[in-house]
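Per chain, numbering begins at 1; letters A, B, ... match sequence-line order. The basis for the numbers below is simple: all heavy atoms, side chains too, and nothing from hydrogens, waters or symmetry mates.
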Amino acid sequence: MNDQFFSGLNPEQQDAVSTTDGPLLVLAGPGSGKTRVITHRISYLISQLSIDSQNILAVTFTNRAANEIKERINNMIMSRDAFNLRCGTFHSFCVYILRQHGNFIGLNQNFVIYDDSDQLQVINESLKELQIDHKRFPPRSLLASISKHKSNLLSYEVLSGASKNFYDEIVSRVYESYQKTLNSNSALDFDDLLMKAVQLLQNSQEIQEYYSGRYEHLMIDEFQDTNIAQYTLMRLLGKKHENICVVGDPNQSIYSWRNADIRNIFSFQNDYPNAKVIHLSQNYRSTQNILDAASKLISTNDTNIINKLWTNNGIGESLIIDEGYSEKEEAEKIIHEIERLVKVEKYKWDQCAIMYRVNAQSRVIEEACLSNKIPYKIVGGIKFYSRKEIRDVISYLKVVANPDDDLSIGRIINVPTRGIGSTSYNKIVDFAQTNNKTIYQTISEYNSIEELQELIGLTRRAATSLNIFSNLLQQLISDSKDRTPAEIIEKIIVDVGYQTFLQQDETNGLDRLENVMELKGLAIQLKETEEITSMTEYLDRIALVSDIDGLDTNENSITLITLHQSKGLEFPVVFIAGMEEGLLPHIRSMDDPVQLEEERRLCYVGITRAEKLLYLLRAYKRYGFGQGSQTSIPSRFLTDISELNIQSLEKTNSYSITPKTVFDPNTLHEEREDTAQVLDPIEIGTKVIHKSFGEGIVLLCTESGNDFVVDVHFSSTGKKKLLMSLANLEISKKSK
DNA sequence: CGCCGTACGGTTTTT
DNA sequence: CCGTACGGCG
């Protein structure tokens, strides 16, 4: 029976699956069957050792990975039992225990989760209050510092008075104000989810006893990307049984910027001296050529933990490195090569992936897909939840779930416009603050127009509007008790008048309404598929699961994805675009050797996603952030692997592969005449055509660096200032 | 109070 | 280029 169970696993993998007593550290290279080990291990525990599946906790890095594991296990053991397995991210697990037992540490059970932009808004408000210049202390950087403290489980109380320098002092002050705002709004940010969960297990004897024995077996995937808070949580959860299996690859650690701490791997060995260590180094995914490139690249890192990759898959095709003149040509080359692979080599669209360092790169590639009619999907990057209309509706939902959320109330109090402007709003906030109440408490307590006028000092008009708003909220909140999220969204659209409000926007109103309808559609879908019926469940789900799945699964299309998100995936054909200094490695990481090594690991992750074919592309010229296009230097990562067997694409229409091209990154790029890029000033009075504004007349044209600023009067929209290199103005034939 | 205009700034990666 | 923030006017 066991023989059958282990068939298809190599001895190390078998060892990793069946070592189920005590701590286990699995150090596994890319493509070594990590997920396989985890799924087999869980199945082994359930089917061979008769462990009840609800006593197993498996932690993954993304929800996508969790779903994959669940699905595979369902297929393996075909029992409803597998359904009880708790498998998901640390964050989702924390939400789960906090919703159940958060009250033990005084947490409001209806807490809402704040996302990145909520956090920034709170920081900005804190800066105003503390009179800190947001230019000298950029909110993003303050937020990163605060987040770092939180990941290390440092509260502002602990921190206060310990500042070593002025910046630290500012951080700790902002941290305090920020945290107090979150607390009074009953809101948790992503770091709080972990921090409060740790607090819960540490501070409540009762809870600690329960949870430290609750899970007989603990499994953590992508262990190299856990932070201190997560590590602490692991220690607490595994305290009684110590059956903790962690799987990771130090060379794939790419989230230190999110406070992941690679030292967790060493801590594990220190904290569990009896831990067994298993190495998995055989690669089942890629060809030897691809692995050689990966090994060569990663061996350039000083902190590389040597883990020579090997495979029985054979040498495979050579790597292909090539250059486009511009990022546009880079994209065209990729797309044409994919077309060739599909037509000639019989690959399928969904076997091909294009990876890049920053989301912004996806746009040109997307355009190339559109113009060549190539089916594609973009993973992540879609800022669905950051659209105004979506944020508005979600703010309503958050308030319904947790009326204490002042931030969300502030967002909706005058949306749709109902006559409560900033002066009135400030009066309300001041009044609420001096009386130590939340906004909702204030407006529902003093719920007559007269009271609002007298106590808060509002005008009659504002007080009337506020009274209506207050009643509206109370109605929504009481309605939500026996209604589904979808029904509440419908109420917001119709009864609250959000639809009418959107219809005033003549240009995008319909699109925006459609987005809101999609949000409602998601609520309906989640009710059917995951039985999500309460508002908190719905909001938790939206906050925790970033990718809108179900939208593009099973679709036969190529994949556009950032290198970070590609972790854990594999594709027969992988293209990495933008192999340039400043992009990969990213300019913000180039002056710090530690960050530079992480960039190299990131590239390593990308390379090792490829099964059969790997293409590394760069552009000779690329549009910079400032203006105009700039020539770029080939990435040092190309130089790292330049001695290997490498070919390039032939510059014919079909871009077929040239055999035996010797590669030298420094001679690869060709100087070429600027063709369309030469900019000439346009004479005043010239008639021009713009893609979206239509016809117009040039009023003024002034030089600005390598570029020109053109003032145009359009018949459609009037006067506009445009940057010539970006505007794509076409000179109308009618003018002389 | 609400609308419209202009000025400005911003781009790493994400649970 | 694009979205947001803020100031002035009706």
Q: Could you tell me the separation between the CG atom of A:Leu194 and the P atom of B:dT14, rounded to a whole number of Å?
A: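 Atom-to-atom, A:Leu194 to B:dT14, this comes out as 18 Å.
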
Q: Tell me: CZ of A:Arg588 to C1' of B:dG10, nearest whole Å?
A: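 One finds 10 Å between C1' of B:dG10 and CZ of A:Arg588, rounded.
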
Q: Can you tell me if the side-chain N/O atoms of A:Lys388 get under 4.0 Å from OP1 or OP2 in C:dG3?
A: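 So the side chain of A:Lys388 is outside the cut-off, no N or O lying under 4.0 Å from OP1 or OP2 of C:dG3.
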
Q: Can A:Tyr498 and A:Asp392 be counted as having a side-chain donor-acceptor contact under 3.5 angstrom?
A: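 A:Tyr498 vs A:Asp392: donor-acceptor pair found between side chains.
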
Q: My understanding is that only residues two or more places apart in sequence, or in another chain, count here; which of them pass ring-ring contact (aromatic ring centres under 6.0 Å, His included) with A:Phe431?
A: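 Residues passing ring-ring contact (aromatic ring centres under 6.0 Å, His included) with A:Phe431: A:Tyr446.
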
Q: Check every strand shown and say whether A:Asn414 touches a base, only sugar-phosphate, or nothing at a heavy-atom separation below 4.0 Å.
A: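 Answer is sugar-phosphate: A:Asn414 comes under 4.0 Å of backbone atoms only.
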
Q: May A:Phe190 be described as stacking on the base of B:dT15, applying a 5.5 Å centroid limit and a 30° limit on plane angle?
A: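 By the stated criterion, A:Phe190 and B:dT15 stack.
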
Q: Let me know the distance between CD of A:Gln224 and P of B:dT13, rounded to the nearest Å.
A: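 Going from CD in A:Gln224 over to P in B:dT13 covers 20 Å.
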
Q: Roughly, in whole Å, what's the span from CD1 in A:Ile113 to C1' in B:dT15?
A: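 Rounded to the whole Å, the gap is 11 Å.
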
Q: B:dT15 P sits how many Å from A:Gln119 CD, rounded?
A: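 For the pair A:Gln119 CD and B:dT15 P, the rounded distance is 14 Å.
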
Q: Figure out the CZ/P separation between A:Arg363 and C:dC1, and round it to whole Å.
A: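 Interatomic distance, CZ of A:Arg363 to P of C:dC1: 10 Å.
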
Q: Please give, in whole Å, the distance from B:dT14 P to A:Trp257 CH2?
A: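 A:Trp257 atom CH2 is separated from B:dT14 atom P by 6 Å.
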
Q: Quick check against the 3.5 Å criterion: does A:Thr608 have a side-chain atom that pairs as donor or acceptor with the backbone of A:Val605?
A: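 Looks like yes, one N/O pair under 3.5 Å.
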
Q: Could you tell me the separation between the CZ atom of A:Arg460 and the C1' atom of B:dC1, rounded to a whole number of Å?
A: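 Distance, rounded to whole Å: 18 Å.
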
Q: For B:dT13 and A:Gln565 - does any side-chain N or O of the residue sit under 4.0 Å from the phosphate oxygens OP1/OP2?
A: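 Negative; the distance criterion is not met.
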
Q: Check the phosphate of B:dT13 against A:Asn359, side-chain N and O only, distance under 4.0 Å to OP1 or OP2. Yes or no?
A: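 Yes, such a contact exists.
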
Q: Are A:Thr562 and B:dT14 close enough that a side-chain N or O sits under 4.0 Å from OP1 or OP2?
A: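 Yes, because at least one side-chain N or O of A:Thr562 sits under 4.0 Å from OP1 or OP2 of B:dT14.
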
Q: Given B:dC1, is OP1 or OP2 found less than 4.0 Å from the side-chain N or O atoms of A:Ser424?
A: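 The answer is yes; a side-chain N or O of A:Ser424 sits under 4.0 Å from OP1 or OP2.
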
Q: Classify the side-chain pair A:Asp189/A:Tyr178 by whether it contains a donor and acceptor separated by less than 3.5 Å.
A: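 Yes, a side-chain donor-acceptor pair sits under 3.5 Å.
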
Q: Quick one: on DNA chain B, does A:Ile420 or A:Gln595 contact a more 5' nucleotide (nearest heavy atom)?
A: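 Result of the comparison: A:Ile420.
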
Q: Is the backbone of A:Ile420 close enough, under 3.5 Å, to the side chain of A:Ser465 for a donor and an acceptor to pair up by distance?
A: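 Pair absent, no side-chain N/O of A:Ser465 close to backbone of A:Ile420.
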
Q: Taking everything shown except A:Gln100 itself, do over 12 heavy atoms lie less than 6.0 Å from its CD?
A: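 Result for CD/A:Gln100: enclosed.
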
Q: Heavy-atom nearest nucleotide on DNA chain B for A:Ser422 versus A:Arg258: which residue maps closer to 5'?
A: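 It is A:Ser422 whose nearest nucleotide is closer to the 5' end.
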
Q: Among residues at least two apart in sequence or on other chains, which ones pass side-chain contact (heavy atoms from CB on, under 4.5 Å) with A:Ser151?
A: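 In terms of side-chain contact (heavy atoms from CB on, under 4.5 Å), with neighbours along the sequence ignored, A:Ser151 is linked to A:Ser147, A:Asp191, A:Asn227, A:Asn259.
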
Q: Using a 4.0 Å cut-off on heavy atoms, which residues in residues 86-100 of chain A reach DNA chain B? List them by number, or say none.
A: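 Contacts with DNA chain B under 4.0 Å: A:Thr89, A:His91.
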
